[in-house]
Amino acid sequence: MSIERYNPRDAEPRWQQKWNEEEVFVTDNADPREKYYVLEMFPYPSGRIHMGHVRNYAMGDVVARYKRARGYNVLHPMGWDAFGMPAENAARDNKVHPKEWTYQNIASMRTQLKAMGLSLDWSREFATCDVDYYHRQQMLFIDMMEKGLVYRKKSKVNWDPVDNTVLANEQVIDGRGWRSGALVEQRELTQWFFKITEFSQDLLDALDTLDHWPEKVRLMQKNWIGRSEGLTIRWEIVPDTAPNNDREITVYTTRPDTLFGASFLAISADHPLAKEAAAKDAAIEAFCEECRRAGTSLAALETAEKKGMDTGIRVRHPFDPSWELPVYIANFVLMDYGTGAIFGCPSGDQRDLDFARKYGLPVVPVVMPADGDAASFTVGDIAYDGGGVMINSRFLDGMSTDQAFETVATKLAETSIGNAPQAERKVNFRLRDWGISRQRYWGCPIPVIHCDDCGVLPVPKQDLPVRLPDDVTFDQPGNPLDRHATWRHVACPQCGKDARRETDTMDTFVDSSWYFARFTAPWENQPTDKNAANHWLPVDQYIGGIEHAILHLLYSRFFTRAMRETGHLDVKEPFKGLFTQGMVVHETYSRGNGLTREWVSPADINIEEVDGQRRATLLSSGEDITIGAIEKMSKSKKNVVDPDDIIASYGADTARFFVLSDSPPDRDVIWSEAGVEGAHRFTQRMWRLVSEAADALKTIESKPAKEGDALAISQIAHRTLKAVQGDYDKLAFNKAVARIYEFVNALAGPLSRVATGGADAGYRAAVREAVEILIALVAPITPHLAEECSAALGNTNMIATSAWPVYDEALVIENEIVYPVQINGKKRAELTIARDADQNAVQQAVLALDAVKSALNGQAPKKIIVVPQRIVNIVV
RNA sequence: GCGGACGUGGCGAAACUGGUAGACGCAAGGGACUUAAAAUCCCUCGACCUUUGGUUGUACGGGUUCGACCCCCGUCGUCCGCACCA
């Protein structure tokens with residue numbers, strides 16, 4: 001009998017077609033079984049899938065298939081994050097309409113994903129650029145507007161001069177646009193904002209409930225929200241020192257305890273008082289301008305010198321009217337945090353100290369470490385910003401910093417200037433409202449109308465959707481919607497006069513902030529079917545890259561709250577479980593160096609090992625190639641491997657198996673040709689072993705062995721089943737793979753024995769049972785191979801619809817335990833003894849061992865530690 | 001600067017709650033089969049030594065413990081996030 005090699009090119013499309021025909025992965029909302037929603041972050045339709053997608057979707061698919069087998073009603077949908085700038089860039093560069101470009105890309109990527117054999121419910125597929133989707137997003141926007149969660153304000157914005165658009169703070173990285181890399185400028189524009197700060201406290205508090213999220217992500221969000229507790233303190237201005245006779249300045253501080261160390265106030269260049277002062281003094285105006293300009297090149301901030309200018313304004317100390325302090329404009333004070341004004345305590349803050357030294361202001365230490373000496377404690381070049389004991393602080397002296405904080409807060413709250421308390425406790429957040437206006441075409445139009453008489457009005461819901469016009473041009477910079485001949489002209493919904501449409505579109509992060517909810521009922525006319533959303537949400541397992549730890553995940557958490565307030569769903573958090581997977585990385589190859597360095601694709605080179613050294617040569621010419629660092633796969637470094645090529649030559653199962661092997665899923669995995677071949681060898685080996693024994697097993701009913709030489713087979717099968725099940729529950733795919741290898745190695749002998757006819761019926765029944773378990777275990781990872789093996793055994797049901805096997809505890813438990821026997825903590829012997837042997841029996845048996853006897857040399861042991869089922873340690 | 005994570009063979013890694021360090025895979029070396037090759041199968045594989053055994057070994061230096069990759073203190077290194085946030 002000759003066994004054919006396993007041919008994925010034949011088997012994989014065949015099974016994919018069968019799953020598709022029988023609608024195995026189409027999910028019914030009304031299915032009564034317990035729900036499980038597994039979701040991978042949906043892709044941007046760039047045109048081709050990459051290995052990162054393969055890894056991400058392979059992980060999600062293992063979870064989906066495993067949970068389905070475990071009896072859950074699984075929702076596993078797929079869609080496209082389809083709005084965004086690359087489509088417009090393509091339009092500009094290649095004269096192709098963004099819509100056409102996007103939908104073509106979606107079509108080819110869909111084909112690629114389907115070739116992976118993912119168990120997705122394609123009937124729920126949508127793209128965020130579908131009118132059906134952004135129509136509902138516009139409805140959400142209007143509902144949020146009604147609830148006061150959307151507003152418009154003139155504000156300084158981050159302007160990307162290359163992409164000609166506004167960026168959110170989160171999209172500015174090191175002072176550069178996250179996409180274009182251009183230096184960001186500051187401009188004043190009227191923008192639309194989502195009131196994410198409405199939920200600052202809740203977004204922070206609820207992080208504690210997300211116990212299936214990585215600690216790292218929760219911490220990053222916590223820092224991003226940045227809660228601080230402090231005091232706003234009003235400082236009385238000395239009469240006739242302020243330009244327009246202003247009466248007071250309010251500062252925010254988290255360290256009111258250090259109030260007696262204050263030596264100046266500093267305000268932002270954008271502070272109203274600074275502006276007033278600038279209007280009357282050219283030097284001040286010039287300085288403010290300089291501060292604003294410096295603010296544009298944020299990259300230089302790291303080394304930026306602390307600079308200030310005395311405004312001439314003087315304020316009185318809250319606890320001592322005779323103590324006057326100068327007010328400076330300082331380049332390091334931000335207008336949009338706190339009140340845009342601070343008091344400087346040089347001894348307790350490094351920045352203030354640098355500033356004070358530069359401008360010759362007093363430095364009075366007011367806090368020293370608890371074990372310090374008040375007489376000798378001084379502050380030199382390094383400020384002391386820790387807690388401790390108050391000194392040089394009048395009535396606060398001797399208190400702890402905490403006590404001093406409380407005392408100052410209480411005293412100033414009881415003091416009044418004007419008709420209000422001098423100070424109030426105040427919680428501040430770093431989180432800012434989310435600016436969503438983008439001066440771009442390829443995004444969801446903001447559904448509002450500007451009327452000269454009636455103001456800014458939402459588009460009435462019956463007039464939705466506001467569709468993007470198709471006839472636009474991209475031959476000049478700026479927003480094509482602005483220069484469209486007719487699109488923006490519309491009648492005012494209130495008075496009927498000529499009015500203008502808003503031409504800004506929404507940040508594409510809006511699109512991805514609620515797509516997980518839309519998947520629960522994508523056919524619905526409203527944004528959600530509330531019952532469906534409440535049933536399916538939260539997503540039980542969300543899987544994606546760590547790069548979305550803040551933006552996408554925080555926005556989605558905000559949207560979930562906003563959608564609850566607007567009655568579209570009733571859940572608290574969108575994602576119950578979150579898993580952030582590592583990247584797929586690859587060696588880099590290059591020829592030449594310096595400016596002439598050229599990157600070479602792995603497909604164009606050959607690698608061989610000479611004297612233990614790996615050498616790379618160019619396939620075409622034999623030229624030597626430099627092997628470089630292992631880096632994230634990127635087009636620019638050409639270290640990419642095309643999933644299509646891998647699937648064509650090895651099959652989807654091999655690709656899936658490989659990206660899940662070896663490395664823990666949250667760490668990077670190194671793509672290597674040798675590694676892929678190892679994975680491929682596994683699929684071939686499994687097929688060969690199963691198909692060789694298939695004839696002998698076809699007519700056998702599977703049954704675990706309880707005794708005899710087949711017992712060991714059933715034991716390893718059930719133990720592996722239990723272990724792999726645990727690994728899948730924990731998403732420890734690499735460990736599952738290792739155990740599957742072990743299992744196959746253990747089954748190789750028995751399968752050959754069966755194949756050559758050397759086994760009785762009981763043995764064959766046990767082997768068949770073990771093989772059925774093996775097939776179930778590999779099925780989530782290599783689903784096509786599993787189906788093929790199962791069919792070879794004569795099974796007519798599909799693995800994709802089969803239940804997960806149940807392990808037998810009696811076969812999992814060891815009846816005999818092998819105890820390592822240590823003497824003084826070092827292993828010297830082993831003891832095999834019945835599982836239920838009591839402590840005494842174990843001790844007696846251990847003392848009877850030759851190795852123990854010779855170590856004791858006739859003496860009594862000092863101590864014997866027996867850890868049941870684990871280890872024995874004898875102290876001599 | 002602030003916050004966090006990590007550091008184990010030639011490589012990717014495993015080791016459950018403090019209990020045999022290196023499972024499993026890759027690479028390498030040796031052997032079997034073959035006219036030959038591929039494929040497959042078997043063996044070896046942290047280091048050192050006087051090799052049926054012993055010593056040593058989880059970045060480095062200490063500590064706690066019968067017992068430490070794991071807990072504590074300190075040092076070094078790598079990576080990631082945030083960054084004038086008062």
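Throughout, protein chains are lettered first and strands after them, A, B, ... in sequence-line order, and every chain is numbered starting at 1. None of the values given here were measured: they were computed from a predicted structure.
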Tell me if the side-chain of A/K306 makes a donor-acceptor pair with the base of B/rC84, cut-off 3.5 Å, by modelled atom types. yes
Syn or anti for B/rG9, taking syn as within 90° of 0? syn
Taking the C1' atom in each of B/rC76 and B/rC26, what is the distance between them to the nearest angstrom? 31 Å
Any strand: nucleotide that pairs with B/rC79 via Watson-Crick or wobble, under 3.5 Å: B/rG4
Taking atom types as modelled and ignoring hydrogens, do the side chains of A/N745 and A/R685 form a donor-acceptor contact shorter than 3.5 angstrom? yes
Taking atom P of B/rA68 as reference, at what distance in whole Å does atom CD1 of A/I865 sit? 12 Å
Classify the nucleic acid contact of A/R739 as base, sugar-phosphate or nothing, counting any heavy atom under 4.0 Å across all strands shown. nothing
Option passing side-chain hydrogen bond (donor to acceptor under 3.5 Å, both in side chains) with A/R255 (candidates A/T258, A/D257, A/T253): A/D257
Given that A/A738 and A/S663 both sit by RNA chain B, which one's nearest nucleotide is further toward the 5' end? A/S663
Identify which nucleotide among B/rC84, B/rU20, B/rC66 has an atom closest to any side-chain atom of A/E830, counting heavy atoms from C-beta outward. B/rU20
Name the nucleic acid region contacted by A/K862, choosing base, sugar-phosphate or nothing; use a 4.0 angstrom heavy-atom cut-off, strictly under. nothing
With the side chain of A/K827 defined as its heavy atoms from C-beta on, choose the nearest nucleotide among B/rC66, B/rU20, B/rU40. B/rU20
With a 3.5 Å limit on both atom pairs, tell me what B/rU40 is paired to, counting Watson-Crick and G-U wobble, or say none. B/rA32
First of A/D662 and A/G226 reached from the 5' end of RNA chain B, by closest nucleotide: A/D662
For A/Y741, which contact category applies under a 4.0 Å heavy-atom criterion: base, sugar-phosphate, or nothing? sugar-phosphate
Using the ring of A/W687 (Phe, Tyr or Trp, six-membered ring only), decide whether A/R5 places NZ or CZ under 6.0 Å from its centre and within 45 degrees of its axis. no
Any chance you could measure A/I342, atom CD1, to A/F355, atom CZ, to the nearest 0.5 Å? 8.0 Å
Rounded to whole angstroms, how far apart are CD1 on A/I823 and P on B/rG54? 10 Å
Quick one: label A/V333 by what it contacts on the DNA or RNA (base, sugar-phosphate, nothing), any heavy atom closer than 4.0 Å. base
Same-atom distance (C1') from B/rU78 to B/rC85, integer angstrom: 29 Å
For atom CG of A/N824 and atom C1' of B/rG19, their distance in whole Å: 15 Å
Whole angstroms only, please: what is the CZ-P distance between A/R681 and B/rG25? 10 Å
Rounded to the nearest angstrom, tell me the gap between atom NZ in A/K826 and atom C1' in B/rG53. 16 Å
What's the closest nucleotide to the A/T254 side chain, out of B/rA86, B/rA15, B/rC66? B/rA86
Could you please name the partner base of B/rC24, counting Watson-Crick and G-U wobble pairs only when both distances are under 3.5 Å? B/rG12
Out of B/rG12, B/rA13, B/rA86, which nucleotide sits closest to the side chain of A/I670? B/rG12
Looking at A/R351 and B/rC85, is any side-chain donor or acceptor paired with a base atom of the opposite kind under 3.5 Å? no
According to a strict under-4.0 Å criterion, is A/R430 in side-chain N/O contact with OP1 or OP2 of B/rC82? no
Nearest-nucleotide pick for A/N745, side chain only, options being B/rC66, B/rC41, B/rG25: B/rG25
Taking the C1' atom of each, how far is B/rA68 from B/rG61, in whole Å? 16 Å
OP1, OP2 of B/rC84 versus side-chain N and O of A/K307: anything below 4.0 Å? no
When the C1' atoms of B/rC11 and B/rA28 are considered, how many whole Å apart are they? 11 Å
Expressed in whole Å, how much space separates the P atoms belonging to B/rU65 and B/rC72? 16 Å
Rounded to whole Å, how long is the line connecting atom CE of A/M220 with atom C1' of B/rA5? 12 Å
Mutual orientation of the aromatic rings belonging to A/Y337 and A/Y252 [parallel < 30°, tilted 30-60°, perpendicular > 60°]: perpendicular
If the C1' atom of B/rG9 is compared with that of B/rG57, how far apart are they to the nearest Å? 10 Å
Mind telling me whether A/F343 and A/W235 have parallel, tilted or perpendicular rings, with 30° and 60° as the class edges? tilted
Of the nucleotides B/rA86, B/rA13, B/rC24, which has the atom closest to the A/Y252 side chain? B/rA86
If you count heavy atoms of other groups shown closer than 6.0 angstrom to CG of A/D381, is the number above 12? no
What is the distance, to the nearest angstrom, from the CD1 atom on A/I871 to the C1' atom on B/rG67? 7 Å
Give one of base, sugar-phosphate or nothing for A/R828, where a contact means two heavy atoms less than 4.0 Å apart. sugar-phosphate
Need one value for A/V867: base, sugar-phosphate or nothing, where a base atom within 4.0 Å counts as base even if backbone is also close, heavy atoms only. base
Integer angstrom distance from the C1' of B/rC45 to that of B/rA59: 24 Å
Between A/D354 and A/Q350, is there a side-chain donor-acceptor contact under 3.5 Å, judged purely by atom types and distance? yes
Across the strands shown, which category fits A/Q822 at heavy-atom distances under 4.0 angstrom: base, sugar-phosphate, nothing? base
Rounded to the nearest angstrom, tell me the gap between atom CZ in A/R432 and atom P in B/rA83. 10 Å
Scan A/S228 against the nucleic acid and name what it touches under 4.0 Å (heavy atoms): base, sugar-phosphate only, or nothing. sugar-phosphate
Measuring centre to centre across the rings, with the benzene-like ring taken for any Trp, is A/F658 within less than 6.0 Å of A/H680? no
So what does A/N734 touch, heavy atoms closer than 4.0 Å: a base, only the sugar-phosphate, or nothing? sugar-phosphate
Given B/rC85, B/rU20, B/rA13, which nucleotide is nearest the side-chain atoms of A/Y337? B/rC85
NA contact type, A/L219, heavy-atom cut-off 4.0 Å: base, sugar-phosphate, or nothing? sugar-phosphate
Who is the Watson-Crick or G-U wobble partner of B/rA86, with both distances under 3.5 Å? none
Pairwise C1' distance for B/rC73 and B/rC24, with rounding to whole Å: 36 Å
Have a look at A/T253 and say if it touches a base, only the backbone sugar-phosphate, or nothing, with a 4.0 Å heavy-atom cut-off. sugar-phosphate
